[in-house]
There are 2 protein chains.
Amino acid sequence: MSAVNLTKNQTLVLDVLTKSEAPLSAYTILDKLRDHGFRAPLQVYRALEKLLEFGLVHRLESLNSFVACAHREHSCCSHGTVAFAICESCGQVSEFHDHVVDDQLNAWTRGKGFKPSKTTIEIRGLCAACNS
Amino acid sequence: MSAVNLTKNQTLVLDVLTKSEAPLSAYTILDKLRDHGFRAPLQVYRALEKLLEFGLVHRLESLNSFVACAHREHSCCSHGTVAFAICESCGQVSEFHDHVVDDQLNAWTRGKGFKPSKTTIEIRGLCAACNS
DNA sequence: CAATTCATGTAATAACATTACGTGATGTAT
DNA sequence: ATACATCACGTAATGTTATTACATGAATTG
């Protein structure tokens, strides 16, 4: 689809996130990339900034962490808000999209004259595997 | 309603948040309470922890900041998830509750066997006053 | 009264994020 | 081709947010 040309650092950071089961903090990413020449947090933050911009990565506000986008193939997610269910036991994150929620929040903002720029929806809890 | 007995520190922190127009970070609260004997971040974080527990204060994950609950009188908000619209220009925060969104997210989690503990919904953007 | 709980205080440290400054590579208009 | 702008990158320092560790006194309870 998009096929943005990523720089070396951006590629390294995206690869680390893609291979990870769970979200990673910027400093964890840094540690994982020391062998590839990363020395300072800024190298990670700069790559993340671009990846977020490209929609290849999401930031989880309630964890101060980052995940690779799970739906790169779906055009559905390029517009609309993405929600996350975050398991506090195993760390696994499910990314999903819900048009009803989206529409409902948009209805609220329209009603108030509020112009949304970015919406965060994060559900913390226990996943099916961990609460059984 | 609830009328929990707050300690001195909890009262001080809640008062500061209640009087503030915009959300405050823990360190800003600390600065505002220096005159009242506050010396260390932990004093603030401990008070906030309890106030969050009592439902008197909310944490805004996308800002690493805290606001007094706007709906202390409504029993409606003791159950269910609260959403926030945060103006990135003036800092003003609107707290609201939407049963449809709530139900929809609950439907998703039930379907997945996910047991939610806490849900964050934060809409960043420009309020009516700031985008006109 | 001993034991427990809990709010508090202080210090140190950990975790997360940004600012400031400089360099080299690439692209573009003159 | 040179001057100029832009951009990715590197390094260092600093700023901001949050927690851990340890100690004390007051209130509660058995």
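In what follows, chains carry the letters A, B, and so on, assigned in the order in which the sequence lines appear, proteins first and then strands, with residues in each chain numbered from 1.
- Closest-nucleotide positions on DNA chain D for A:K50 and A:P41 were compared, and the one nearer the 5' end corresponds to A:K50.
- Atoms NE2 (B:H36) and P (C:dG9) sit 13 Å apart, rounded to a whole Å.
- Residue B:R46 is classed as a base contact, given a heavy-atom separation below 4.0 Å to a base.
- Aromatic ring pairs are classed by plane angle as parallel below 30°, tilted from 30° to 60° and perpendicular above 60°; the pair A:F66 and A:Y45 is perpendicular.
- Of the candidate nucleotides D:dT11, C:dA17, C:dC16, C:dA17 has the atom lying nearest to any side-chain atom of A:R59.
- Rounded to whole Å, the distance from CG on B:N5 to P on C:dA7 is 11 Å.
- At a threshold of 4.5 Å between non-hydrogen side-chain atoms, the residues A:L33 and A:V13 count as touching.
- Using a 4.0 Å cut-off between charged nitrogen and carboxylate oxygen, B:E61 and B:R59 count as a salt-bridge pair.
- Residue A:F38 contributes atom CZ, which lies 14 Å from atom C1' of D:dT11 at whole-angstrom precision.
- Here the P atom of nucleotide C:dC16 and the CG atom of A:L30 are 12 Å apart, to the nearest Å.
- In this structure, the CD atom of B:Q10 is 13 Å from the P atom of C:dC6, given to the nearest Å.
- Comparing D:dA18, C:dA17, C:dT10 by their closest approach to the side chain of A:N64 singles out C:dA17.
- Considering only side-chain atoms of A:L42, the nucleotide from C:dA17, C:dG9, D:dT11 that sits closest is D:dT11.
- Residues A:L6 and A:F54 are in side-chain contact: their nearest non-hydrogen atoms beyond the backbone lie under 4.5 Å apart.
- Closest-nucleotide positions on DNA chain C for B:A47 and A:Y45 were compared, and the one nearer the 5' end corresponds to B:A47.
- Between B:E49 atom CD and D:dA18 atom P there is a gap of 13 Å when expressed in whole angstrom units.
- The side chain of B:T7 lies closest to C:dA7, out of C:dA17, C:dT10, C:dA7.
- Residue B:Q43 places none of its side-chain N or O atoms closer than 4.0 Å to OP1 or OP2 of C:dT8.
- Rounded to an integer number of Å, the gap from CG of B:L6 to C1' of C:dT8 is 16 Å.
- Interface remark: the B:Y27 side chain does form a donor-acceptor pair with the D:dA18 base, using a distance-only criterion of under 3.5 Å.
- Separating the CZ atom of A:R39 from the P atom of D:dA13 is a distance of 13 Å, rounded to the nearest angstrom.
- Of the candidates C:dT10, C:dG9, C:dA17, C:dG9 carries the atom nearest the B:N9 side chain, counting heavy atoms from C-beta on.
- The number of heavy-atom neighbours closer than 6.0 Å to CD of A:E53, taken from other residues, nucleotides and ligands shown, is above 12.
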